[in-house]
*Asks:* 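Quick one: the structure is below, questions incoming.
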Amino acid sequence: MALTKDWPPRRIVVLTGAGISKESGLDTFRDKDGLWSRVRLEDVATPEAFRRDPARVQAFYNARRQGLQDRAVQPNAAHRALARLQAAPRFETLLVTQNIDDLHERGGSTQVLHMHGELLKAECLACGGVHLWPGDLDTASLCPACAARGRLRPQVVWFGEMPLEMERIQAALAACDLFVSIGTSGNVYPAAGFVAEARAGGAHTVELNLEPSEGARLFREAHHGPASEIVPAYVESLLALAT
């Protein structure tokens with residue numbers, strides 16, 4: 001069913017991927033010139049890699065953390081548009097991101113589910129505590145809670161680990177009226193399966209992407225172009241339905 005003023009959505013789930021952050025100056029992982037074309041994910045993004053060579057893994061994420069905090073890296077118009085959508089009282093908007101950066105929060109969003117974790121946090125393998133951590137981590141870093149040394153890791157979901165908040169996300173997908181996927185490749189599961197889950201619950205499904213994703217055929221509506229252009233335009237069209 002098409003969205004109209006007579007049938008506006010009430011419950012919205014928005015999924016974002018690396019495409020929305022690339023325009024803010026962050027490297028993507030899966031593009032042809034992305035990080036995984038230069039670094040083997042098996043060496044830096046698995047629990048086994050961390051056990052084998054924690055110093056190398058920490059150095060990789062230290063560089064990502066430093067890059068994220070470069071003054072040149074700022075939220076773009078797509079991040080700010082989603083914050084406006086989330087603030088609109090007419091809608092219940094759950095913002096789910098595969099990104100480990102904080103650009104949604106800096107763009108004004110107040111509730112973001114980071115299903116792959118957050119780069120600016122550290123998790124202690126000794127006590128399970130999660131702490132804000134904007135600086136470097138190394139094998140001598142102390143946990144602020146339990147004082148264990150060398151047991152802090154980036155609070156990032158690695159390959160072979162379960163994404164976060166899956167029960168909440170799946171409940172929202174089953175209940176939503178509208179599912180919007182932004183800047184995703186469509187080939188990373190479980191996120192690539194969200195569109196099918198939303199469709200099964202009767203939701204209208206929309207892809208906003210630079211180009212069609214691998215799962216493009218599953219969406220009922222699509223708009224292609226830079227996220228900083230098409231996301232604000234689409235958000236404005238949704239806000240107009242609520243007037």
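None of the values given here were measured: they were computed from a predicted structure. Keep in mind that the numbers below use all heavy atoms, side chains included, and drop hydrogens, waters and symmetry copies.
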*Asks:* What residues, two or more places apart in sequence or in another chain, satisfy ring pair (Phe, Tyr, Trp, His ring centres under 6.0 Å) together with Phe91?
*Replies:*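 By the ring pair (Phe, Tyr, Trp, His ring centres under 6.0 Å) rule, Phe91 matches no residue at all.
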*Asks:* Hey, what do you get for CG (Asp101) to CG (Leu119), rounding to the nearest 0.5 Å?
*Replies:*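 Reported to 0.5 Å precision, the distance equals 8.0 Å.
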*Asks:* State which residues pass salt bridge (charged side-chain N to carboxylate O under 4.0 Å, His left out) with Glu207; sequence neighbours excluded, sorted by chain then number.
*Replies:*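 Listed in chain order: nothing, the list is empty.
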*Asks:* Near Arg217 CZ, under 6.0 Å, is it more than 12 heavy atoms from other residues, nucleotides or ligands?
*Replies:*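 Not more than 12 within 6.0 Å, no.
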*Asks:* Taking only Lys NZ, Arg NE, NH1 and NH2, and the carboxylate oxygens of Asp or Glu, determine whether Arg40 and Asp43 approach each other closer than 4.0 Å.
*Replies:*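 Answer for the salt bridge query: yes.
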*Asks:* Hey, are the side chains of Leu26 and Leu103 touching, using non-hydrogen atoms and a 4.5 Å cut-off?
*Replies:*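 With C-beta onward as the side chain, the pair touches.
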*Asks:* Identify the heavy atoms of Val206 and Tyr234 that sit nearest to each other, and give their distance.
*Replies:*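 That closest heavy-atom pairing would be CG2-OH, 3.3 Å.
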*Asks:* Heavy-atom distance under 4.5 Å between the side chains of Pro154 and Leu137, does that happen here?
*Replies:*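 In short, these two side chains touch, coming nearer than 4.5 Å.
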*Asks:* Output yes when Arg153 and Glu161 qualify as a salt bridge under the 4.0 Å nitrogen-oxygen rule, no when they do not.
*Replies:*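 A salt bridge is present here (some side-chain N lies under 4.0 Å from a carboxylate O).
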*Asks:* Check for a donor-acceptor pair, side chain of Arg149 on one end and backbone N or O of Ala140 on the other, with a separation under 3.5 Å.
*Replies:*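 Pair found, side chain donor or acceptor close to backbone of Ala140.
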*Asks:* Do the side chains of Thr97 and Ser21 get nearer than 4.5 Å, heavy atoms only?
*Replies:*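 No, every pair of side-chain atoms sits at 4.5 Å or beyond.
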*Asks:* For the pair Asp53 (side chain) and Ala49 (backbone), establish whether a donor and an acceptor sit closer than 3.5 Å, ignoring hydrogens and angles.
*Replies:*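 Not a single qualifying donor-acceptor pair exists.
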*Asks:* Quick one: are Leu68 and Arg65 in side-chain contact, heavy atoms under 4.5 Å?
*Replies:*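 They are not in contact (no side-chain heavy atoms under 4.5 Å apart), so the answer is no.
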*Asks:* Please confirm whether the backbone N or O of Gly150 pairs with a side-chain atom of Ser141, one donor and one acceptor, at under 3.5 Å?
*Replies:*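 Side chain of Ser141 to backbone of Gly150, a donor-acceptor pair under 3.5 Å: no, none is there.
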*Asks:* Restricting to non-hydrogen atoms, name the atom on Pro75 and the atom on Gly107 that form the minimum distance, rounded to 0.1 Å.
*Replies:*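 Answer, listing the atom of Pro75 first, then Gly107: CG-N, 3.6 Å.
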*Asks:* Would a hydrophobic clustering, with Ile, Leu, Val, Met, Phe, Trp and Tyr connected at side-chain separations under 4.5 Å, put Val14 with Leu94?
*Replies:*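 No, no single cluster joins them.
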*Asks:* Scan for ring-ring contact (aromatic ring centres under 6.0 Å, His included) pairs involving residues 115-144, sequence neighbours excluded, and state none if there are none.
*Replies:*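 Every pair satisfying ring-ring contact (aromatic ring centres under 6.0 Å, His included) with a residue in residues 115-144: there are none.
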*Asks:* Could you check Gln98, Gln155, Glu105 and say which one makes a side-chain hydrogen bond (donor to acceptor under 3.5 Å, both in side chains) with His114?
*Replies:*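 Among the candidates, only Glu105 passes.
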*Asks:* Can Val195 be reached from Met166 by stepping across I, L, V, M, F, W or Y side chains whose heavy atoms are under 4.5 Å apart?
*Replies:*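 Looking at the clustering, Val195 is in the same group as Met166.
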*Asks:* Measure the shortest side-chain to side-chain distance between Val57 and Thr46 over non-hydrogen atoms and say whether it is less than 4.5 angstrom.
*Replies:*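 They are not in contact (no side-chain heavy atoms under 4.5 Å apart), so the answer is no.
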*Asks:* To the nearest 0.5 Å, what is the distance between CG (Leu152) and CG (Leu142)?
*Replies:*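 If I round to the nearest 0.5 Å, the distance is 8.0 Å.
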*Asks:* Could you report the tightest heavy-atom contact between His204 and Glu221, atom names first, then the distance?
*Replies:*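 The pair with the smallest heavy-atom distance is NE2-OE1, 2.7 Å.
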*Asks:* Would you find a donor on one side and an acceptor on the other, under 3.5 Å apart, between the side chain of Arg199 and the backbone of Leu218?
*Replies:*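 It does hold such a pair.
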*Asks:* Distance check, rounded to the nearest 0.5 Å: Asp138 atom CG versus Asn62 atom CG?
*Replies:*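 Output value for this atom pair is 7.5 Å.
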*Asks:* Can you name the nearest heavy-atom pair linking Ser109 to Leu95, along with the distance?
*Replies:*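 So the minimum-distance heavy-atom pair works out to OG-CD2, 3.5 Å.
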*Asks:* Decide side chain to side chain contact (heavy atoms under 4.5 Å, CB included) for Ile169 and Glu197; before the verdict, give the C-alpha distance in whole Å, the side-chain angles of both, and the deciding distance to 0.1 Å.
*Replies:* CA-CA 10 Å; Ile169 293 169; Glu197 294 184 54; over 6 Å; no
*Asks:* Mind listing the closest non-hydrogen atom pair of Ala227 and Ala78 along with its distance?
*Replies:*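 Shortest heavy-atom contact: O-CB, 3.5 Å.
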*Asks:* Taking the side chain as every heavy atom from C-beta outward, state whether Gln66 and Asp136 have any pair of such atoms under 4.5 Å apart.
*Replies:*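 When only atoms from C-beta onward are counted, Asp136 and Gln66 do touch, with a gap below 4.5 Å.
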*Asks:* Are Phe194 and Leu178 connected in the hydrophobic side-chain network, where two residues link if heavy atoms are under 4.5 Å apart?
*Replies:*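 In one cluster: no.
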*Asks:* Out of curiosity, does Met115 fall in the hydrophobic cluster containing Val156 (side-chain heavy atoms, cut-off under 4.5 Å, transitive links)?
*Replies:*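 They do not share one cluster, since no chain of ILVMFWY contacts under 4.5 Å joins Val156 to Met115.
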*Asks:* Considering only residues two or more places apart or on different chains, which pairs with a residue in residues 161-184 satisfy ring-ring contact (aromatic ring centres under 6.0 Å, His included)?
*Replies:*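 Of all non-adjacent pairs touching residues 161-184, none passes ring-ring contact (aromatic ring centres under 6.0 Å, His included).
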*Asks:* Test side chain to side chain contact (heavy atoms under 4.5 Å, CB included) on Thr16 and Asn99; report intermediate values, then the result.
*Replies:* CA-CA 7 Å; Thr16 65; Asn99 300 333; 4.0 Å; yes
*Asks:* May I ask whether Leu164 and Leu113 are part of the same hydrophobic cluster, defined by side-chain heavy atoms of I, L, V, M, F, W, Y residues being less than 4.5 angstrom apart, directly or through others?
*Replies:*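 In one cluster: no.
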*Asks:* Taking it one step at a time, do Glu23 and Ser228 satisfy side chain to side chain donor-acceptor pair (under 3.5 Å)?
*Replies:* CA-CA 7 Å; Glu23 290 185 64; Ser228 59; 2.4 Å; yes
*Asks:* Using side-chain heavy atoms (C-beta onward) and a distance below 4.5 Å, is Leu208 in contact with His223?
*Replies:*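 With C-beta onward as the side chain, the pair touches.
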*Asks:* Decide yes or no for Ile20 and His79: does some side-chain heavy atom of the first lie under 4.5 Å from some side-chain heavy atom of the second?
*Replies:*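 Touching, per the 4.5 Å side-chain cut-off.
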*Asks:* About how many Å separate CD of Gln86 and CD1 of Ile12, when rounded to the nearest 0.5 Å?
*Replies:*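 Result: 10.0 Å between the selected atoms.
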*Asks:* Any chance you could lay out the side chain to side chain donor-acceptor pair (under 3.5 Å) test for Ser181 and Thr184, step after step, and finish with the verdict?
*Replies:* CA-CA 7 Å; Ser181 176; Thr184 65; 2.9 Å; yes
*Asks:* Identify, with sequence neighbours excluded, every residue that meets salt bridge (charged side-chain N to carboxylate O under 4.0 Å, His left out) alongside Arg11.
*Replies:*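 Testing Arg11 for salt bridge (charged side-chain N to carboxylate O under 4.0 Å, His left out), a comparison that skips the adjacent residues, returns Asp177.
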*Asks:* Would you compute the distance between atom CZ of Arg168 and atom CD of Glu165 and round it to the nearest 0.5 angstrom?
*Replies:*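 Reported value, rounded in 0.5 Å steps: 6.0 Å.
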*Asks:* Could you give the distance from NE2 (His104) to CD (Gln111), rounded to the nearest 0.5 Å?
*Replies:*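 One finds 13.5 Å between NE2 of His104 and CD of Gln111.
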*Asks:* Within 45 degrees of the ring normal and closer than 6.0 Å to the centroid, is that where the cationic atom of Arg56 sits relative to Phe60?
*Replies:*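 No, cation not above the ring by the 6.0 Å, 45° rule.
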*Asks:* Could you identify which residues cluster with Leu132, counting Ile, Leu, Val, Met, Phe, Trp and Tyr as linked when any side-chain heavy atoms lie under 4.5 Å apart, either directly or through a chain of such contacts?
*Replies:*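 For Leu132, no cluster forms, as it stays isolated from other hydrophobic side chains.
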*Asks:* Any sub-3.5 Å donor-acceptor pair from Asn209's side-chain atoms to Ile182's backbone N or O?
*Replies:*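 No, Asn209 side chain to Ile182 backbone: no donor-acceptor pair under 3.5 Å.
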*Asks:* Pro9 and Leu241: which non-hydrogen atoms are nearest, and at how many Å?
*Replies:*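 That closest heavy-atom pairing would be CD-CD1, 4.1 Å.
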